[in-house]
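Notes follow once the structure below has been shown.
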Amino acid sequence: MREITLSQAVNEALAEEMRRDPTTFIIGEDVAEAGTPFKVLSGLVEEFGTARVIDTPISEPGFMGLAVGAAMTGARPIVDLMFGDFLFLIMDQLCNQAAKIHYMSGGKLNVPLVLRTNMGATRRSAAQHSQSLQALVAHIPGLKVAMPSSAYEAKGLLKTAIRDNNPVVIFEDKLMYQDKAPVPEEEYLIPFGVANVKREGRDITLIATSSMVQVAEKAAVMLAKEGIEAEVIDPRTIVPLDEKTLVDSVRKTSRAIVIDEGHQSYGVTAEIASRLNAAAFYHLDAPVLRMGAMDVPIPFSPVLEDVTVPTPEAVADNARRLCSGEMIHAA
Amino acid sequence: MREITLSQAVNEALAEEMRRDPTTFIIGEDVAEAGTPFKVLSGLVEEFGTARVIDTPISEPGFMGLAVGAAMTGARPIVDLMFGDFLFLIMDQLCNQAAKIHYMSGGKLNVPLVLRTNMGATRRSAAQHSQSLQALVAHIPGLKVAMPSSAYEAKGLLKTAIRDNNPVVIFEDKLMYQDKAPVPEEEYLIPFGVANVKREGRDITLIATSSMVQVAEKAAVMLAKEGIEAEVIDPRTIVPLDEKTLVDSVRKTSRAIVIDEGHQSYGVTAEIASRLNAAAFYHLDAPVLRMGAMDVPIPFSPVLEDVTVPTPEAVADNARRLCSGEMIHAA
Amino acid sequence: MAEQKTNSEDYLRMYRQMVRIRTFEDNANQLYLSAKMPGLTHMYSGEEAVAVGICEALTDDDRITSTHRGHGHCVAKGADFRRMFCELLGKEEGYCRGKGGSMHIADQSHGNLGANAIVGGSMGIATGSALRAKLLGQDDVTVCFFGDGATAQGLLYEVMNMAALWKLPVIYACENNGYSEYTRTEEIAAGEITARAEAFGIEAFKVDGQDVLAVNALTQKLVARARRGEGPFFIELETYRYHGHHVGDINREYYRSKDEERSWKQDRDPIVRFRGWLVEQGVATEEEIEAMNAEIEKDASDAVAYAEAAKYPDMSEVDMHVYAD
Amino acid sequence: MAEQKTNSEDYLRMYRQMVRIRTFEDNANQLYLSAKMPGLTHMYSGEEAVAVGICEALTDDDRITSTHRGHGHCVAKGADFRRMFCELLGKEEGYCRGKGGSMHIADQSHGNLGANAIVGGSMGIATGSALRAKLLGQDDVTVCFFGDGATAQGLLYEVMNMAALWKLPVIYACENNGYSEYTRTEEIAAGEITARAEAFGIEAFKVDGQDVLAVNALTQKLVARARRGEGPFFIELETYRYHGHHVGDINREYYRSKDEERSWKQDRDPIVRFRGWLVEQGVATEEEIEAMNAEIEKDASDAVAYAEAAKYPDMSEVDMHVYAD
Ligand SMILES: Cc1ncc(C[n+]2csc(CCOP(=O)(O)OP(=O)(O)O)c2C)c(N)n1
Ligand SMILES: Cc1ncc(C[n+]2csc(CCOP(=O)(O)OP(=O)(O)O)c2C)c(N)n1
Ligand SMILES: [Mg+2]
Ligand SMILES: [Mg+2]
């Protein structure tokens, strides 16, 4: 199968869906001629024109609000939020408006919009351009949250998101835009709420989101050399969450690590770990272990930044200790 | 000891601290003559004047930003955010600015500010005036988060918050403003990160925040009649979290329920439950049970709203099932 | 009054709609005071000429966004009493199946995109509706209602900038009733409100919000121009709310005098003024008007009775409508 | 040039500061291009007269807030090359112990409250600093730097409204360099920028941002007035950035022409113009100026060498400074 970058996969998904549905449009900062600073949207304005690939002023709350209104009245906006950190600016429009309108109207009004944004540290972009804020939106009922872990997922999930009748937030890992993966030429969609078992194993389950899937897979390779077979699972969407696939795996392996690049405390790993603990309690040899980013603002200095996020070595290390029973005694 | 309302307790804390420190001031909407819609601040403008009890336009991001700047340069602002739901409007100033400035400046700049806001449903205020958003701020390193459960805590925690050199967010339960509790005449402060064992018990631990402490206590009374002795613990601050007191209790009782009025998924109960599962795994007879608000926007209709939040009956019911071993077999 | 008699039917409908709003509010207030209505609510009484003058210039395809003080907009845009009262009481037959209540009432069938409990929260929505119209080549116009207090929200300036840059068919209707909650407008708004719109290159107008014909005439013109792509526009409507900020705001003397209230009610009531004009111009007789009023009152009390008897949503509805299919 | 020679020392310091900024940026750019500098950074070259003209009118007690394009403000407000380069390279001796980097550099000792990577993010902070001054009876003035693009953020209008209502000692300095990222100002700003401030009753001024004396003279006046409680004020400074939006923005022809860049550099360079004036007015000779330039260049390369050799923070610092004691 041909290989394309995550950036190209996103671009293809957008182009295909915009061809398919004339009510779709892209709105955001420097999305047209510039194609975003990450160049993810290059070429789209040439095909669809500036009426459907709309450059906005630097008004995140404003253009998010416009998207909500357009979505409520018959269009399907795809919002480009340049950095995930800017979510803090649009929370009211996203969480007080978009997320609640369908419910508050008793099902009468829909808000079919997609918010594409990004996440991920180690780009030396410091505290306001490095956050992974998926936990915040996942907490708000009415929003769906997708976290593609490769070009394949990025395309399939985005297409599903665009056709979904609800507000969907997609977090792309900005360090993965140039990573290639096999992506079929034929059209495909990836349903929400279906986890992907990336690698089978019997000894331990590594549940990882987005950027952390690669980290888990690398850890699994290291572990395999030592005879530890790790199962790696990518939930793909954290809302809805495919709890069953995760639980089934953990019941089989009896040990689990949950890895996510958001801050650890009050983050994604807490939800997944506590659901697993609840549903697989009597199958577990040890409590589910959580690995998130450190609970510190992301520092600029490379030497500091690198220690804030989970690495394959750290995951493998924890997995080894879990499998050796070391943590069981420690607990 | 005299009893005063939570509203009076907050008012006293503010008055005492404002007398003590001339750099403190209150800023928010209708805080002066009106004393807020909840009348919590009545009388303060008479004592401290409009220079220190400042009525703002309806500009939440704006006055939150002003507070950050004032805090960075030598004042100690106390921000009044009329409804916790409006947090979504000020997240950038709170989370990208206030929370990170001390860290980003390598410890050179401080942001000693207090953000007082509220939480709690069942006031028939519908989806945009009923949220309990503590999980969102608790996820952001650099913020401290206090959740007073009575007039006593409201006063002691607020005084501590005002003297703290960091941004502190306090969530008051708006349904509790008129609830009375014994509050000493003498000055006292309640340190952050110290949980309060409200009631001792050996059979099960009920960990509850803010409004849910009363719910847990009522459940404990019901349970006591049936011979089940519940220990009720109020963490008082969720950042920092007094993990030790919680874990010690759960190791003793072997069963726990965590109760918080925020949405359950990706919420406060997930963090506390997964920490307990991790630290008390081998002492637990059953997985820690979580009870948050339902994962739905808060509906207006009373019949619907009332089922969205944990009740004493539901807590007691779950506790009974946990203690009878029913859930152990079910898992 | 601004204009000569040209169309009695229109005039009578405007009058009727104003009375319907006032009557709706009186009943809602009564429900609240007798503890039959849950939650909080904000009365529109006194401001009827604004909603009616504007909405009478719109078709069902034109959209509006409303505010926390939204009953007036809802009635003016064509909503039905029964379904409104059902919503206010949290009943299943309400416009939002009881899930929205007073602060979120929406009426999709007449283009009311909903009240909003976030002050200024619908400014983006209204502008986005206008963007959609332009994008899809539809010729409807969207009116964004908001108060003087809401002009303090930065969102307004963000969306006015985009509306002006892209010439969107949206009309910003600022209902300046002199107060935001318990604070006078002068204390929270520096400079001139209309100047703020003009700074973005938006044509802005000030109009007497108690004069339904003046409001309607201006809006007609602007709607027509907006349909032709000459928008956006901004209107500041000078008006007054008779009740407190919300139904529980009873003692108001610390922020506004009884005299002030009396003078607005006695000298500038939009319904009384318009009624006088209708009679004077021979559009209707006193008797016809009284009959109309009585009929509306009956409609309202029937609707209240209906809503009181109507059933609550089934508890199973609590987790329906979180997500659309 | 705006004014006759009155004070050579001041003039020479202004010149010196402008050259220091340009030299700092040339070195920073070099560090980036040779992959020695991590992250991304935005060059201030071309806009020196703005930062210097304004900051020379301030004392160390006066505060500024800066932007993502913040090196110029930092130097102009008195910062030291070594500690700045250390910060850009993530070293322990940096102004923020390496934790902030280019986009968050702050220099508390000279009243620089910090760069900000959220466009418009510091508008509240600057206004709050001014509120603090008023509240505590201190007479310092705060200058809020931001770009033309940042005028699209609603926060600006919220804080200008409050600054105007409360007469706060803050000066909003809009550096209009014609672009926000890859988009021309006309495409993202409707109407007139200064009119937006005026709509809030704020006196607003437009000045040639390439003329350091004009900028300085205006700022001196406004700072003095703001100290007397006559603020706030708004200044729009017409300027130009020579480099790309950030250091990686190399191919710029799709959004601005090489001709345009050339004309600004050749005809309006603030350093060249001011240098010519200094010589013409006899404030300094060509030789003196060359010596000054050389000295600054040496300072900068020494500082770069120092920073390159300096040590990184200890890994244990990663969870220090999350909370203050
Ligand atoms: C974002 C936000 N801030 C504050 C409030 C509380 N609040 C409700 S109505 C109101 C005053 C609104 O004034 P105005 O816009 O003039 O409308 P009016 O009530 O006069 O019709 C305030 C402050 C709110 N609902 N939302
Ligand atoms: C809230 C926010 N939105 C978008 C960005 C991305 N961004 C960084 S600089 C910039 C352009 C800023 O333009 P302007 O304010 O004119 O400043 P200039 O770069 O021209 O100095 C943008 C869009 C950001 N950092 N923050
Ligand atoms: Mg008003
Ligand atoms: Mg610019």
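Letters go in sequence order (proteins before strands), and every chain restarts at 1. Reckoned from all heavy atoms, side chains included, excluding hydrogens, waters and symmetry mates.
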**Complete:** Nearest heavy-atom approach of B:A127 to C:H104 is N-NE2, 4.1 Å
**Item:** Residue pair B:V303 / C:P313: nearest heavy atoms and the distance that separates them
**Value:** CG2-O, 3.9 Å
**Prompt:** Picking from B:I58, B:T56, B:V296, which has the most non-hydrogen pairs under 4.5 angstrom with chain C?
**Reply:** B:I58
**Prompt:** Heavy-atom distance under 4.5 Å to chain C: side chain of B:F88, backbone, both or neither?
**Reply:** neither
**Rounded distance (nearest 0.5 Å) linking atom CD of B:Q128 with atom CG of C:N116** = 4.5 Å
**Request:** Please round to the nearest 0.5 Å and tell me the distance separating atom NZ of C:K99 and atom CD1 of B:I298.
**Result:** 12.0 Å
**Item:** Heavy-atom neighbours of C:Q108 CD exceed 12 at 6.0 Å
**Value:** yes
**Request:** Working to the nearest 0.5 Å, report the span between CD of B:E33 and CD of C:E187.
**Result:** 7.0 Å
**Prompt:** When rounded to the nearest 0.5 angstrom, what distance separates CZ in B:F300 from OG in C:S102?
**Reply:** 7.5 Å
**Complete:** Interface check, chain C: of B:D55, B:L304, B:V307, most non-hydrogen pairs under 4.5 Å belong to B:L304
**Message:** Quick check on the structure: residues of residues 83-94 of chain C within a heavy-atom distance below 4.5 Å of chain B, by number.
**Reply:** C:E87, C:L88, C:L89, C:G90
**Request:** Heavy-atom distances under 4.5 Å only: say whether B:D306 touches chain C with side chain, backbone, both or neither.
**Result:** neither
**Asked** Counting heavy atoms not belonging to C:K36, are there more than 12 under 6.0 Å from its NZ?
**Response** no
**Prompt:** Contact part of C:M315 toward chain B, heavy-atom cut-off under 4.5 Å: side chain, backbone, both or neither?
**Reply:** both
**Prompt:** Which residue pairs pass the side-chain hydrogen bond (donor to acceptor under 3.5 Å, both in side chains) test when at least one of the two sits in residues 142-155 of chain C, sequence neighbours left out?
**Reply:** B:E60-C:Q153, C:S129-C:T142, C:D148-C:T185
**Message:** Quick check: closest heavy atoms across C:A152 and B:P57, and the distance to 0.1 Å?
**Reply:** CB-CB, 3.5 Å
**Asked** Any residues in residues 251-260 of chain C near chain B, with a heavy-atom distance under 4.5 Å, and which are they?
**Response** C:Y254
**Message:** Are there residues of residues 176-183 of chain C whose heavy atoms fall under 4.5 Å of chain B's heavy atoms? If so, which?
**Reply:** C:S180, C:E181, C:Y182, C:T183
**Prompt:** Heavy-atom distance under 4.5 Å between the side chains of C:I118 and B:L89, does that happen here?
**Reply:** yes
